[in-house]
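Just below is one structure, and these are the notes that go with it.
The figures that follow rest on heavy atoms only: side chains count, while hydrogens, waters and symmetry mates do not. Note that the structure is a prediction, hence the values are computed from the model and not measured. Chain naming here is simple, since letters A, B, ... match the order of the sequence lines and numbering starts at 1 in each.
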Amino acid sequence: MARPPRDAHAFPIESIVTDNSILQKGADAVARATPDGVARRVRGLSDRAVAWIFIAPTIILLLAINIFPLIWTIQLSLTNYRANRPNAEVRDVGFRNYERILGNEDIWFSMQTTASFVVLTIAIQTILGFTLAYLIDRKFRGHAFWTTIILIPMMLSPAVVGNFWRFLYQPQIGLFNYVVSFFTGAEPSSFTMLGDVDLAMWAIVIVDTWMWTPYTMLICLAGLRSIPDYIYEAAEVDRASAWRRFWSITLPMALPFVMLAVLFRGIENFKMFDMVNLLTGGGPGSITEVASITLKRQAFEAWRTGYSSAFAIILFVTVFGLGSIYVKALNRVKQR
Amino acid sequence: MHRPVVSTMGAAALVAAGLSATTSAHAASGELTLCWAAWDPANALVQLSKDFEAQSGVKMNFEFVPWPNFADRILNELNSGGKLCDLLIGDSQWLGGSAENGYYVKLNDFFDQEGISMGDFAPAAVNAYSTWPKGTPNYWALPAMGDANGWVYRRDWFERADLQEEFKAKTGRDLAPPKTWVELKETAEFFQGREIDGKTVYGAAIFTERGSEGITMGATSALYSYGFQYENTPGQYDMEGAVNSDNAVAGLEMYKSLYECCTPPGYTDSYMGEGLDAFKSGQVAMMMNWFAFWPGMYKDENVGGDRIGFFVNPAQVNPASTLGGQGISVVASTDNKEAALEYIKWFAQPEVQKQWWALGGYAVHNAVLEDPGFKDSQPFAADFLVAMQDVKDFWQEPAYAQLLQAMQKRLHDYIVADQGTAKEALDKLISDWTEVFEDEGKL
């Protein structure tokens, strides 16, 4: 199917921005409008001081809501503090919390569960999202309508999604089991998606995919639409096949966007809590207990504040480390 | 180290100061908020408290939290020194932590001053709902609501001649409320998957909930009956050989086998509410649940009345029931201490306790329990008395939350997720609990 022509330079914004005379006129107007008193006071400040005045509120806010809690969490992670025992003596335990966490097989199991969940959801959502984006990019009749329909799950609250999928998965009255039963002939109440050790993780993956594939699709769609048409036109002139155009133009040029989608979904799903909590609560047993569920249980059910702070730091370092490596790879791909 | 002493003295001083003031004058201008779980008895308490409002002029407000969120919500409130609750009917397991952290007002001086005697209440209830440390006369709550885990069954199904005959032929005994866990499972198996009135029914609804305390409360009903003990020597925290004894392993295996053979489909995360739904919708022949629900169950239009019967948790090695129930405490951070104490004084009166039972609350005052007409006052009253004689509670230690979470995990992993063996689950539980007690400096 031929791509519709797209005029990439219809709006020559560069010419306006680079027009020094317009900028100069604007600056003169601002200078004339500035009251003398203000102008005099500002005149006494260096550029660096003015810069600090402008960025100080942001830095203070950043320190208050990000850096301070982080430092405090690090400090708590080195103690035996429990938030529900305000009268208990708080002792410095060094790196004992970290040692316990790294030596705890249940924690490692929850990390493996998290990794499985992240890998499964990213793989499926990326393939499906890219495929949908590729199809939507064809601009068929009613494509805008279908795009909106596809985007609906993403706009719903995770709490709503979690609750209604719980009903859908209900083995006796849930629609899901009846649909499966219709196609397979199995008795609807003979299996339970959320309570079966082998199916529970897939149940969560299905819901997460249903909800977040549209998001991946949107980013991939942005990537596909950023590819200039003249490249395809040149390829067609060279008689490149559709397959060749996909592998040599579409995929490489959309890859930074796909990687960005993978990064966003990876970080989101690494810290996935709401959906898992609503659907399985980490069960059956601990089969779907991802790291954030373990963290919540330790912090707010067992009330091991120091221990859970150490776990939070470990998770933070893991996400930050993996994210940094990934961003470097992403930059390398963009530079190609 | 000195802070608990100071806070206890401070609390006592405040109580004394409160009592010396004209309490009724303070109370007359005040409002009180009572926090509890959202369930049937809470509605009865609202009704009961109208008398207190009329007598004292104090307006009663109620904050009832659904059971699955009850501990989270209220413990957060206590931890943060919040002023939401003036009075709290808190779970028995919270006593240790709430006493040691200064969340509850110690009531000994108040009881002495007002002539409220703990000897007027059932000893098991006083020990479970009021005292910390256990075995000492230090009172942090007034026993408010006795409760234990029991069973309800479909009497109308059990009495069917065809089913009676078939059951007798199969098992050699009458189809009747089971006396042991082996009989319980046998009965549940008999009903599992059976067609009754054109509908498929199942054996039993039991507790399997993972998030709060459900599976622990359910499985301990089997464990206690099989002779499970927390320690070899009370107070020594020597758990090896007690928690994972052969009897405990057999009890846990029994609970798992009951879960596997005889529960409705998808019954993997179910507690009180799910059990009630299953029973009221005619899905199950028997349901495990708290005695607190029996008044409401008996009144139920669809399955209540003569269609159902009740029985005490079956024995196996020994008779035992998992303890429920709560005491009522004054929250230390309240600004309405005088009025709150006034409420407790009113609630402790024998006549009020009788009224409490009549409305559907499980009073444990001797004036109620020793009344000659008590056993016949409700169809489940006699069973309640029997159950309360053999109740066992979970750890009431300050670290109870951590101890409970460990047990929830190990039991759910084994029973529902089928991971490992019963012995391995209990061994891991000992390991978890040992770590907790080592951190607490008790081992």
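Of the atoms belonging to A/Glu301, heavy atoms from both backbone and side chain fall under 4.5 Å from chain B. In this structure, chain A has no heavy atom under 4.5 Å from any part of B/Tyr267. In this structure, the portions of A/Arg85 lying under 4.5 Å from any heavy atom of chain B include both its backbone and its side chain. Contacts of A/Asn80 with chain B are absent, with no heavy-atom separation under 4.5 Å from either backbone or side chain. For A/Gln298, no part lies under 4.5 angstrom from a heavy atom of chain B. Using a 4.5 Å cut-off between heavy atoms, B/Glu440 touches chain A through its side chain atoms alone. Using a 4.5 Å cut-off between heavy atoms, A/Pro171 touches chain B through its side chain atoms alone. Heavy atoms closer than 4.5 Å to chain B are found in the side chain of A/Glu105, but not in its backbone. Proximity to chain A (any heavy atom under 4.5 Å) is shown, for B/Ala399, by both the backbone and the side chain. With a 4.5 Å cut-off on non-hydrogen atoms, A/Asp196 does not touch chain B at all. At a 4.5 Å heavy-atom cutoff, B/Glu213 makes no contact with chain A through either its backbone or its side chain.
Aromatic rings from B/Trp433 and B/Phe437 are positioned such that their centres are separated by 6.0 Å or more. A/Phe264 has its ring centre no less than 6.0 Å from the ring centre of A/Trp212.
With contacts defined as side-chain heavy-atom distances shorter than 4.5 Å, the pair A/Leu70/A/Ile313 qualifies. B/Tyr255 is not listed as a side-chain neighbour of B/Leu411, based on a closest heavy-atom distance of 4.5 Å or more.
No other option in A/Val197, A/Thr192, A/Asn84, A/Asn277 has as many heavy-atom pairs under 4.5 Å with chain B as A/Asn84. For the options B/Gln408, B/Gln283, B/Lys428, heavy-atom pairs under 4.5 Å to chain A are most numerous at B/Gln283. For the set A/Ser189, A/Ser286, A/Ser190, A/Gly281, the entry with the most heavy-atom pairs within less than 4.5 Å of chain B is A/Ser286. In terms of heavy-atom pairs under 4.5 angstrom with chain A, the leader among B/Leu403, B/Asp413, B/Ile415 is B/Asp413.
Checked by atom type, the side-chain pair B/Asp432/B/Gln405 shows no donor-acceptor distance below 3.5 Å. Under 3.5 Å, the side chains of A/Arg265 and A/Asn269 contain a donor-acceptor pair of N or O atoms. In this model, a donor atom of one side chain and an acceptor atom of the other lie less than 3.5 Å apart for B/Trp132 and B/Glu100.
Between A/Asp106 and A/Arg297 no salt bridge is recorded (no basic side-chain N to carboxylate O distance below 4.0 Å).
Around atom CZ of A/Phe300, no more than 12 heavy atoms belonging to other residues, nucleotides or ligands sit under 6.0 Å away. More than 12 heavy atoms of other residues, nucleotides or ligands lie within 6.0 Å of CZ in A/Phe273, so this atom counts as buried by the packing criterion.
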